[in-house]
Participant: 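I'd like to ask you about the structure that follows.
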There are 2 protein chains.
Amino acid sequence: MSEPDTPSSLAGETLLAVKPSKWTLVIVTSLRENTLRFNELRRGIGGISQKILASTLRELERDGFVRRTVFATIPPRVEYQLTALGRDLLRIAEACEQFVREHRADVEAAREQFDAQASSAPHSQI
Amino acid sequence: MSEPDTPSSLAGETLLAVKPSKWTLVIVTSLRENTLRFNELRRGIGGISQKILASTLRELERDGFVRRTVFATIPPRVEYQLTALGRDLLRIAEACEQFVREHRADVEAAREQFDAQASSAPHSQI
DNA sequence: CAGCATCCAACCGGATACTG
DNA sequence: CAGTATCCGGTTGGATGCTG
């Protein structure tokens with residue numbers, strides 16, 4: 001259904017699965033090439049707790065971005081891979097990464113300048 | 001611990017200003033067309049507190065995405081507009097919105113299906 | 001191996017009140 | 001009008017310990 005596309009309603013809900021967690025895009029990016037197991041993902045990402053990894057993967061699975069395949073072996077083996085929808089989301093993630101690659105320096109420069117003149121002139125100049 | 005450009009560190013920092021706040025992209029989108037004043041932004045977005053709006057605008061200004069212009073009149077007048085960098089960020093925001101427009105139905109369907117079989121089969125099949 | 005459960009600290013963000 | 005200051009509840013996310 002087409003809703004009144006106010007900027008707020010759109011971008012507010014925007015990123016369905018992207019918005020909530022800072023890890024979502026990282027995970028999707030990690031699955032870019034191949035299927036990965038839980039701990040492969042964990043090690044590949046680094047710095048993510050298994051609680052967060054598990055819950056974020058759940059959400060990605062629920063939203064249809066990731067398919068979870070369980071092999072009833074011992075020890076258990078669980079594989080995660082992107083769905084077609086997930087590969088679409090990957091395009092967004094890659095666009096974000098490219099943006100950062102291109103503009104990281106600009107942003108850092110802007111920050112330094114802002115911080116510099118913020119300390120000298122706490123408030124307003126014409 | 002300093003890390004190289006692993007996919008994780010990249011996407012982790014990814015979105016510099018995008019990641020932290022759910023309002024960032026909304027604000028950028030609101031400024032798509034024209035310069036806006038503080039309360040114009042606030043009303044246009046709807047549902048954002050002025051505390052969050054002010055702090056998010058600060059961050060956007062600091063990162064070089066938004067330019068803040070103060071007119072020393074009474075009553076005061078402050079205008080916000082996108083910088084060139086901000087317009088680049090806008091492209092990301094628009095890509096996200098388009099993604100949602102295209103795939104919202106898919107995601108909602110996936111969720112319903114997931115929730116349905118989650119309640120019938122709490123765990124693992126095959 | 002792949003998680004879930006619990007506890008807990010940090011942060012995000014809303015409501016309200018007040019200022020230049 | 002355009003904010004800042006304060007309080008404070010809900011959520012996020014890390015660490016740890018335990019299970020099939």
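Lettering follows sequence order; numbering is per chain, from 1.
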Participant: Within the structure provided, determine whether A:T29 and A:E94 are in side-chain contact (heavy-atom separation under 4.5 Å).
Facilitator: no
Participant: Any side-chain N or O of A:Y80 less than 4.0 Å from the OP1 or OP2 oxygen of C:dC1?
Facilitator: no
Participant: Ignoring hydrogens and angles, tell me if any N or O in the side chain of B:T56 forms a donor-acceptor pair with the backbone of B:L53 under 3.5 Å.
Facilitator: no
Participant: Side-chain N or O of B:R37 versus OP1/OP2 of D:dA2: is the shortest distance under 4.0 Å?
Facilitator: yes
Participant: Using a 3.5 Å cut-off and no angle test, enumerate the donor-acceptor pairs between side-chain atoms of residues 72-89 of chain B and protein atoms at least two apart in sequence or in another chain.
Facilitator:
| unit_1 | atom_1 | unit_2 | atom_2 | d |
| --- | --- | --- | --- | --- |
| B:T73 | OG1 | B:P75 | O | 2.8 |
| B:R77 | NE | B:E79 | OE2 | 3.2 |
| B:R77 | NH2 | B:E79 | OE2 | 3.1 |
| B:Y80 | OH | B:R68 | NE | 3.3 |
| B:T83 | OG1 | B:G64 | O | 2.6 |
| B:T83 | OG1 | B:F65 | O | 3.2 |
| B:T83 | OG1 | B:L85 | N | 3.3 |
| B:T83 | OG1 | B:G86 | N | 3.0 |
| B:R87 | NH1 | B:L82 | O | 3.4 |
| B:D88 | OD1 | B:R91 | NH1 | 3.2 |
| B:D88 | OD2 | A:H103 | NE2 | 3.0 |

Participant: Is any side-chain N of the basic residue among A:R58 and A:E61 closer than 4.0 Å to the acidic one's carboxylate O?
Facilitator: yes
Participant: Measure the angle between the two terminal helix axes of the helix from C:dC1-D:dG20 to C:dG20-D:dC1, five base pairs each, and quote it to 10°.
Facilitator: 50°
Participant: Could you check how far CZ of A:F71 sits from C1' of D:dG20, rounded to whole Å?
Facilitator: 18 Å
Participant: What's the closest nucleotide to the side chain of A:W23 if the choices are D:dC1, D:dG14, C:dG3?
Facilitator: D:dG14
Participant: To the nearest Å, how far apart are A:I48 CD1 and D:dT12 P?
Facilitator: 14 Å
Participant: Can you check whether A:F114 reaches B:D63 side chain to side chain, under 4.5 Å on heavy atoms?
Facilitator: no
Participant: Mapping A:I52 and B:E79 to their closest nucleotides on DNA chain D, which lands nearer the 5' end?
Facilitator: B:E79
Participant: In whole angstrom, give the distance that lies between atom CZ of A:R77 and atom C1' of D:dG20.
Facilitator: 18 Å
Participant: Once you round it to whole Å, what is the distance between C1' of D:dC1 and CG of B:N39?
Facilitator: 6 Å
Participant: Measure from CG on A:L41 to P on C:dG3 and round the result to the nearest Å.
Facilitator: 10 Å
Participant: In Å, rounded to the nearest 0.5 Å, how long is the span from CD of B:E40 to CD1 of B:I45?
Facilitator: 11.5 Å
Participant: Atom CD of A:E97 and atom CZ of A:R104: how far apart are they, to the nearest 0.5 Å?
Facilitator: 10.0 Å
Participant: Looking at CZ of A:R62 and CG of A:L57, how far apart are the two atoms once the value is rounded to the nearest 0.5 Å?
Facilitator: 14.5 Å
Participant: Can you check the B:L36 CG to D:dG3 P distance for me, whole Å?
Facilitator: 13 Å
Participant: Measure CD1/A:I74 against P/C:dG3 and give the value in whole Å, please.
Facilitator: 16 Å
Participant: Looking at B:R42, does any N or O in its side chain come under 4.0 Å of the phosphate oxygens OP1/OP2 on D:dC1?
Facilitator: no
Participant: In whole Å, what is the span from the CD atom of A:E40 to the C1' atom of C:dG3?
Facilitator: 16 Å
Participant: When you measure from the side chain of B:R68, which nucleotide among D:dG3, C:dA2, D:dG13 comes out closest?
Facilitator: D:dG3
Participant: Using a 4.0 Å heavy-atom cut-off to protein, can you give one letter per nucleotide of nucleotides 5-11 of chain D, 5' to 3': B if the base is in contact, S if only the sugar-phosphate is, - if neither?
Facilitator: -BB----
Participant: Test side chain to side chain contact (heavy atoms under 4.5 Å, CB included) on B:L41 and B:I48; report intermediate values, then the result.
Facilitator: CA-CA 10 Å; B:L41 264 169; B:I48 189 176; over 6 Å; no
Participant: I want to verify a distance call: between C:dG3, C:dC1, C:dG20, whose nearest atom is closest to the A:P76 side chain?
Facilitator: C:dC1
Participant: Hey, are the side chains of B:L31 and B:L90 touching, using non-hydrogen atoms and a 4.5 Å cut-off?
Facilitator: no
